[in-house]
2 protein chains.
Amino acid sequence: MIPEYNERANFIEETGMIFERLGVTRMAGRILGYLMVSDKEHVSFDELTQVLQASKSSISTNLKALVNVEFVKPHTLPGDRKTYYMLSPDIDWRGYIIRRFENIRTMNDHFKKGLSLRVNPKDQVSKWLSGTVEFYDWLLKEYPGFMDQWQEEKKM
Amino acid sequence: MIPEYNERANFIEETGMIFERLGVTRMAGRILGYLMVSDKEHVSFDELTQVLQASKSSISTNLKALVNVEFVKPHTLPGDRKTYYMLSPDIDWRGYIIRRFENIRTMNDHFKKGLSLRVNPKDQVSKWLSGTVEFYDWLLKEYPGFMDQWQEEKKM
DNA sequence: TATTTTGTTCGGCAAACACAGAACCTGAAA
DNA sequence: TTTCAGGTTCTGTGTTTGCCGAACAAAATA
């Protein structure tokens, strides 16, 4: 049973909304959405402008951004001047998680700095800060090992 | 050695920038920054407007938002009409991490939906999608147990 | 009752940003 | 050497958003 046109269209728009909420542009999300539900292995620039009904400039800009963060991979063919695009087959969602943990590292380092600026290292706020730092230090130390378990389990 | 005025001022601005990048307003970040380095246990509304040189409206709005997400806790004193504010002593950073994982759940559910819309469940994109879903399913199942180890280790 | 304190809320402005359209570029083909 | 295909970059515009100031509570005080 072939999915309805509207189901796909909805999916694309939803992808737009989801990624927009994550701080990416709506259009970039739509591109990803289309790449996910298109049954072609790779899609041309022109097809994107048409199916998403967007301007070339918007597609161009967002596509470049997606290629930059390696979510999308350009694909070329001999004797064809066009560039085609596909979901990067090696998007590393594990790496994506790791990058998010790095945000936490930034935050944790900042907390340490805050702690160092406090006069009384034993008052309520200081205690709170050091408790937080303690937890994050633990988390940042342990999470790579935790994530490695995935590889282990897959081998079995 | 008492920290320089400027070190604290810098810290506050940096906190603003960090939280802004996380999608919170700069002003909310500054409030948190000040609460972290102020040596008072709790801080009045008025003090915030003065030290951050911001309007009452901005402080009011951002403070309410921070109280709403339970990063900041209001504190009142008998015989005092003012409300004081402090870092919520039980900000749950573990819970914060968990909430971020919920974003991943949304994404993962969306990927499953995308997968269901594909005609050929064995082509490249489908494989990529199912690989991703597999990893995220694993992650979402296992991470609470992983995080619980923190409680265990602390008990020892 | 009038005034002050302690905020909240509303209207508006300025900056940021996503997108569109058009001008522009580059390399192949005619 | 023009023309065209395939994009990219620049400029303008509508929308969103953070912040401010001013108007507006509400409750204590005078």
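Side chains included, hydrogens not; waters and symmetry mates left out as well; all remaining heavy atoms used. Residue numbers begin at 1 in each chain, while the letters A, B, ... track the order of the sequences. Because the structure is a prediction, the values reported are computed rather than measured.
- Rounded to a whole Å, the CD1 atom of Ile31(B) is 13 Å from the P atom of dG18(D).
- The pair Lys40(B)-Asp123(A) does not meet the salt-bridge criterion, since no charged nitrogen lies less than 4.0 angstrom from a carboxylate oxygen.
- Below 30°, between 30° and 60°, or above 60°: for Phe71(B) and Phe19(B) the angle between ring planes is above 60°, a perpendicular geometry.
- Closest to the Arg26(A) side chain, of the nucleotides dG7(C), dT9(D), dC19(C), is dC19(C).
- You'll find that the side chain of Phe45(B) is closest to dG7(C), out of dG7(C), dC19(C), dA22(C).
- As rounded to whole Å, 17 Å separates atom P of dC17(C) from atom CE of Met27(A).
- Of all non-hydrogen atoms in Lys56(B) and Phe45(B), the two that sit nearest each other are O-CZ, 3.4 Å.
- Across all strands, Thr25(A) comes closer than 4.0 Å only to sugar-phosphate atoms, never to a base (heavy-atom distances).
- Nearest nucleotide to the side chain of Ser55(A), out of dC19(D), dC19(C), dT9(C): dC19(C).
- Rounded to whole Å, atom C1' of dG18(D) lies 10 Å from atom CZ of Arg30(B).
- Distance CG (Leu52(B)) to P (dC20(D)): 10 Å, rounded to an integer number of Å.
- Nucleotide dC17(C) holds its P atom 20 Å from the CZ atom of Phe19(A), rounded to whole Å.
- Within residues 59-88 of chain A, the residues approached by DNA chain C to less than 4.0 Å at the level of any non-hydrogen atom are Asn62(A), Arg81(A), in residue-number order.
- Rounded to whole Å, atom P of dT6(C) lies 14 Å from atom CG of Leu48(B).
- Applying the 6.0 Å contact sphere to CD of Glu70(B) captures no more than 12 heavy atoms from other residues, nucleotides or ligands.
- Rounded to an integer number of Å, the gap from Lys56(A) NZ to dA23(C) P is 12 Å.
- Between Arg105(B) and Asp137(B) there is no salt bridge, since no side-chain N of the basic residue sits under 4.0 Å from a carboxylate O of the acidic one.
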Would Glu134(A) and Lys154(B) satisfy salt bridge (Lys or Arg N to Asp or Glu O under 4.0 Å), going step by step from the backbone distance to the final call?
CA-CA 10 Å; Glu134(A) 218 183 323; Lys154(B) 261 185 80 177; 5.9 Å; no

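- Side chain Ser58(A) to base dA18(C): no donor-acceptor pair is found below 3.5 Å.
- Shortest non-hydrogen contact noted between Leu129(B) and Gly114(B) is CD1-C, 4.2 Å.
- Distance CD (Glu47(B)) to P (dT6(C)): 13 Å, rounded to an integer number of Å.
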